[in-house]
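Have a look at the structure below, then the notes.
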There are 2 protein chains.
Amino acid sequence: MGTAERRQREKEKRRNDIIDAAEKVFFSKGLDGATMEEVAEEAELSKGTLYLYFQRKDDLYGAIAGRAIKLLTARFEEAIARHVRGIERVGAIGDAYIGFYHQYPDYFNALLHHQGHRIEEFTSDNPLEALVKAIRSGIEDGSIKSELDPLKTAVILWGQTSGILQVAYMRCDALKEAYAINPEEIISYCLEMIHSMLKA
Amino acid sequence: MGTAERRQREKEKRRNDIIDAAEKVFFSKGLDGATMEEVAEEAELSKGTLYLYFQRKDDLYGAIAGRAIKLLTARFEEAIARHVRGIERVGAIGDAYIGFYHQYPDYFNALLHHQGHRIEEFTSDNPLEALVKAIRSGIEDGSIKSELDPLKTAVILWGQTSGILQVAYMRCDALKEAYAINPEEIISYCLEMIHSMLKA
DNA sequence: TAATTAAATGACCAATAGTCATATATTAGG
DNA sequence: CCTAATATATGACTATTGGTCATTTAATTA
């Protein structure tokens, strides 16, 4: 009876070890620059074994994106739990997203790579729903304008913040040089804009 | 005297023919799914010839991104020329960007692929500067809030709009299904938000 | 313990980006 | 006009890498 469970657990552990190895290799060399041979070596397994667990290289990257989504969702839920008023919850979620980018830029890139996919392909966690929840609570407690549609607003905030992070960081060298702008200024300017847009 | 010029012209034409062929193949099969052999066949040249003009496959895609930037910049400049007041210019630029996405989604994708690069690597045209120009004119004519920083605002609008287009369209199936949202609603809701954010 | 099942290996394969010796086309100079 | 020099294009080839699968090894079950 216990054998099957242990083996399942071991299989899960192996799967996670492979994903860990892939994170190391993909994050240091880029998805295109990384080879499955290198991942296999990092995992101390043969390349063929990787394909027992993941059908394609991209599926392995998808598993990494799943981790990113789980982590981001947890961060959002923490942000909500730390505040009472909706406007502050949304602000804290914005901060959490930016903190996520700073701490896990490679996870952010993995999310970008997979943004044409449904989140449910990777995990049942959903950061967008956490954001909807926070906006709703703000509308209910009166801290967020009641005329806003929570869902549309959430989608827009999500899109806007992702877009800003992309611009602020992916183009930060060019922006610094041509315009003496630094990314943090763009981020905080944008957060202020969003705040004033939402506040009742 | 005339021979060198004609040859230079022919060389430019060949280069453009190759880019045309690459657009066809890359846009129909995706960058990863497309092979240089297929591009060569579409261009009616040998594969080796492609490498006389472009060092790597990605450089060929970069030339496509350059076209996208030129086109978008032209659209932005037209939007400016069509209006007098800055607030309307910015609105028309927003519409132009969205129209660009609708008409040339593949160009939009090419821009996303290259957003970690400097625009100057591809072309001297710069859509961001057109946007800065429109915002400045709005601040000068009083139709846009004077407390806004034109450059930062432009960067933010650029990032937000790109982010929204990505979310609205790349996730449109999931959003429709889970939430009965359609992309156009998200886009116009967002444009309204931006408008009220800017308007003096 | 032997048979069965599960997991891992590593040699192999096909595809493709990129290379470069060779072939072909064009130009310039006598 | 002809030939040598220069420019351009070709296509066979190479190295690499994602993916495959027959075989080996390990674990479990009867």
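Just so it is clear, the structure is predicted and the values come from calculations on it, not from any experiment. Naming: A, B, ... by sequence-line order, numbering from 1 per chain.
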Quiz item: Under the salt bridge (Lys or Arg N to Asp or Glu O under 4.0 Å) test, which residues partner A:Glu185, sequence neighbours left out?
Solution: B:Lys152
Quiz prompt | Spacing of A:Tyr61 atom OH relative to D:dT17 atom P, expressed in whole Å | solution = 18 Å
Quiz prompt | Residues B:Asp59, B:Arg56: salt bridge by 4.0 Å N-O rule | solution = yes
Quiz item: Out of curiosity, A:Ser46 OG to A:Glu41 CD, how far, rounded to the nearest 0.5 Å?
Solution: 12.0 Å
Quiz item: Rounded to the Å, how far apart are B:Glu12 CD and D:dT8 P?
Solution: 12 Å
Self-check item: Under 4.0 angstrom between A:Arg6 side-chain N/O and D:dA27 OP1 or OP2
Solution: no
Quiz item: For the atom pair CG (A:Asp95) and CG (A:Leu191), what is the distance rounded to the nearest 0.5 Å?
Solution: 6.5 Å
Self-check item: d(CD, B:Glu5; P, C:dT26) in whole Å
Solution: 18 Å
Quiz item: If you count the non-hydrogen atoms of other residues, nucleotides and ligands that lie under 6.0 Å from CD in B:Glu147, is the total more than 12?
Solution: yes
Practice problem: Could you state the atom-to-atom distance from CD of B:Glu41 to P of D:dA9 in whole Å? | Solution: 18 Å
Quiz prompt | CE on B:Met197 to CD1 on A:Ile194, rounded to 0.5 Å | solution = 8.5 Å
Quiz item: Which parts of nucleotides 7-20 of chain C does protein reach within less than 4.0 Å, heavy atoms only, written one letter per nucleotide 5' to 3' as B for base, S for sugar-phosphate only and - for none?
Solution: SBBB-----SBBB-
